[in-house]
Amino acid sequence: MTAPDTGNDGRLPSTDKIPYGGDYNPEQWPQQVWDEDHRLFTQAGIDTLTVGVFSWSLTQPAEDVHDFTILDRILDRAAAEGRQVCLATGTAALPPWLAKRHPEVNRTDFEGRRHRYGQRHNFCPSSPAYRRLATTLAGRLAERYAGHPALLAWHINNEYGGACYCDLCAGAFRGWLRERHGTLDTLNDAWWTTFWSHHYTDWDEIEPPSALTEHWRGPDHTAFQGITLDYQRFMTDALLGCFTAEKEAIRAHDPDTPVTTNLMGAYRPLDYHRWAPHLDFASWDNYPPLDAPPTRPALAHDLMRGLKGGAPFWLMEQTPSTTACRDVNPLRRPGELRLATWQAIAHGADAALYFQMRASRGACEKYHGAVIGHAGRDDTRVFGEVASIGRELTELGAVTLGSRTPARTALLFDWDSWWALEISDGPSRPVRYTDVVHAYYRAAREAGADVDVVAVTADLTPYDVVIAPVLHLVKGDLAERLEAVARRGGTVLATFLTARADEHDRAFLADVPGPLAPLMGIRVDEWDARPKDVVQPIHMGEFTTGARLVFELVQLRGAEPVATYGADFYAGIPAVTRNDFGTGEAWYVATALDQPGVDHVVGRVLARHDLIGPYADHRTVETATRVAPDGTRLLFLLNHEVEPAHLTAHTPATDLLTGKRFDQGEALTLDPLGVAVLRFQ
């Protein structure tokens, strides 16, 4: 069983500047288009190409035939042009012959339907035929291209995701459960199977939790949280097993080239902390939700950076203009692409890549944005912006490579708590894990604090502030380690619905918040839930804000009230508390505060540790710090407004993008959607 571990910071491909480019599919085009592509790549400063992502049906047209002719041409041409390649194994989508010859590789969905061939991510992770053929292909590719002058990194599969509920997965799940729980008695206790006559007497009685068994109204409504949690963990490990099998096949022929796969930020189905030790470096695809504030992609960047102990990651995909998969697909306005690219670099990206290099002529991504459109022009606005960014990155050189974020604030992110919170019945289904996490992250970031987003297993000793929003499950020694943070003078901030259950989602047989009760100095006996449109006033001295969804009724057991409810029968009862613990303190927020309330609480916590940034009054100006291996300190300023931002340099610095030097106290103006990268003197 794979356990979370973020201690191994891995290794990145060795480059002398930020790799710049993206997904390239020349197999879709004739030779004359390749010639034009490379001319345009040179013009735009493109030096890195991700190739072969969906090439399985071309590189293996039959089970006993491998044909690498087209990949030979692609890599040789890249090398001749002085470009480097992130080479994919192409195993994310089955070739038609494989699905026909081995139908068991096709997934069975949540409703119990065996799929026929089509789409992508269409393989069963427990299929021996898929595992055998995918690893054989990966090994053949590594045998052929290890040492190729264009090879920079290996890219296994693509955007792993989805789930399967077939008989093969059911059998593999039972084996996984034997390894995890050991005995049926242990499993029955973990899942609390005396409820509803679910006591198991044989491993073969266990079925995957699907629409046919433990669920109703979709995957988020389950009768038994224990089995559903374990199936999420199992499917994470099953897909991870496919990745590690391909990586091992590559390593048999290429022991040195770094290996990754493109993750998807805060992606609910897979616990990326379980994947982290197996990635040589993290990479991810950034497609923020529509109308998302800039702190949403920032949170995902920091989450990806946290996977490898703070090491830089690759931005493997972003659109240069528009997506195609949503109901409405807005165009990036002038300047937004540059701002998004520099935001990724500010948060730890050591590569900036796009999907896609040339627009596909057909199928579902023909309207997806591309560096080069269908007409192949170099005078479009999008191409011009891409080329301009390419020039900036070339001029920047290696300054940011390998640099890290010196954060003193940690935010705990836990997939187990995410799953457990959202599959539980009560108290409030509208509570969404990532919404609450984002609210606290946003407050810290907009106050100017650098934030590490880390697993609950991470070392907490570097941090003065640890924020734990809706940490529904408290596992292992986390309670003791949080107490240690406060005991040595730090601050721990927890919220409603935290520390309710153990790793199996069994309620603690103790006062809420369970093992965190001594640290928080409170007791919660009751909680109220109301529809989203019911707003409860919250009074914090002269400051009043609102709260929604869940209202826990706190009794003080050593803590002091910071805010109180203003209505209903619990008017006057504490809604926010602070407790002295050791030389530090612990805060508890018993309700879903509106953003101004979250900002107020987080601001008070950060101020205690002098972590409010110098530009906190300019909340639309994002700040992020990176420190290079040689000690060079870089401050990124990003203006997310369409109006100029007028700042004052708080210390002597030079803007690496313009070469302008600023003295302390000198006026510094950021253009609309503007960026500055300040190197301190």
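When side chains are defined from C-beta on, L460 counts as touching L482, because their heavy atoms get closer than 4.5 Å. Looking at L473 and L229, their side chains come closer than 4.5 Å, going by heavy atoms from C-beta outward. In this structure, the side chains of Y367 and N329 stay at 4.5 Å or more apart for every pair of heavy atoms. No side-chain heavy atom of M264 sits under 4.5 Å from any side-chain heavy atom of Y287. Looking only at side-chain heavy atoms (C-beta outward), F281 and K308 stay at 4.5 Å or farther from each other. H102 is not listed as a side-chain neighbour of P128, based on a closest heavy-atom distance of 4.5 Å or more. Using a 4.5 Å heavy-atom cutoff, the side chains of T135 and E248 are not in contact. Between P430 and L549 the shortest side-chain heavy-atom distance falls below 4.5 Å.
A donor and an acceptor atom, one from each side chain of H472 and W419, are nowhere located under 3.5 Å apart. For the residue pair T91/E246, the side-chain donor-acceptor check at 3.5 Å is satisfied. Looking only at atom types and distance, the side chain of N106 has no donor-acceptor partner in the side chain of N122 under 3.5 Å away. Looking at T136 and H66, their side chains never bring a donor and an acceptor atom within 3.5 Å of each other. E207 and Y165 form no side-chain donor-acceptor contact under 3.5 Å, judged by distance and modelled atom types alone.
Looking at E503 and R233, no side-chain N of the basic residue comes within less than 4.0 Å of a carboxylate O on the acidic one, giving no salt bridge. A salt bridge links D280 and R251; the closest N-O separation between the charged side-chain nitrogens and carboxylate oxygens is under 4.0 Å. Between D254 and R144 there is no salt bridge, since no side-chain nitrogen of the basic residue lies less than 4.0 Å from a carboxylate oxygen of the acidic one.
Distance check, rounded to the nearest 0.5 Å: OH of Y231 to CG of L177 gives 10.0 Å. How far CG of N286 is from CG of L353: 12.0 Å, rounded to the nearest 0.5 Å. In this structure, T260 OG1 and W314 CH2 are separated by 8.5 Å, a value rounded to the nearest 0.5 Å. The CZ atom of R180 lies 9.0 Å from the CG atom of D237; values are rounded to the nearest 0.5 Å. H121 contributes atom NE2, which lies 6.5 Å from atom CG of N157 (distance to the nearest 0.5 angstrom). How far SG of C166 is from CZ of R113: 15.0 Å, rounded to the nearest 0.5 Å.
Both cation-pi conditions hold for R500 and W527: the charged atom is under 6.0 angstrom from the six-membered ring centre and inside a 45 degree cone around its axis. The cationic group of R107 lies under 6.0 Å from the six-membered ring centre of F123 and within 45° of the ring axis, placing it in a cation-pi geometry.
Judged by distance alone, with hydrogens and angles left aside, the side-chain atoms of T183 form a donor-acceptor pair with the main-chain N or O of T186 at under 3.5 Å. At least one donor-acceptor pair under 3.5 Å links the side chain of D502 to the backbone N or O of H504. Under the 3.5 Å distance criterion, the side-chain polar atoms of D414 are matched with a main-chain donor or acceptor of S417. No side-chain donor-acceptor contact under 3.5 Å links R101 to the backbone of A62.
Ring orientation note: the planes of F234 and F173 are tilted relative to one another, at an angle of 30° to 60°. The aromatic rings of F313 and H301 sit parallel, their planes meeting at an angle under 30°, below the 60° perpendicular limit. Below 30°, between 30° and 60°, or above 60°: for F243 and W275 the angle between ring planes is between 30° and 60°, a tilted geometry. Aromatic ring pairs are classed by plane angle as parallel below 30°, tilted from 30° to 60° and perpendicular above 60°; the pair F224 and H198 is parallel.
Of the residues listed (Y433, Y441, Y440), the one engaging F413 in a ring-ring contact (aromatic ring centres under 6.0 Å, His included) is Y433, and it is the only one.
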**Message:** Let's go through V431 and F496 carefully: what are the C-alpha distance in whole Å and the side-chain angles of both, what is the deciding distance for side chain to side chain contact (heavy atoms under 4.5 Å, CB included) to 0.1 Å, and is it a yes or a no?
**Reply:** CA-CA 11 Å; V431 174; F496 64 103; 4.1 Å; yes
**Request:** Apply the test side chain to side chain contact (heavy atoms under 4.5 Å, CB included) to residues L94 and Y130: give CA-CA distance (whole Å), side-chain angles for both, the deciding distance (0.1 Å), then the verdict.
**Result:** CA-CA 9 Å; L94 304 172; Y130 173 79; 3.6 Å; yes
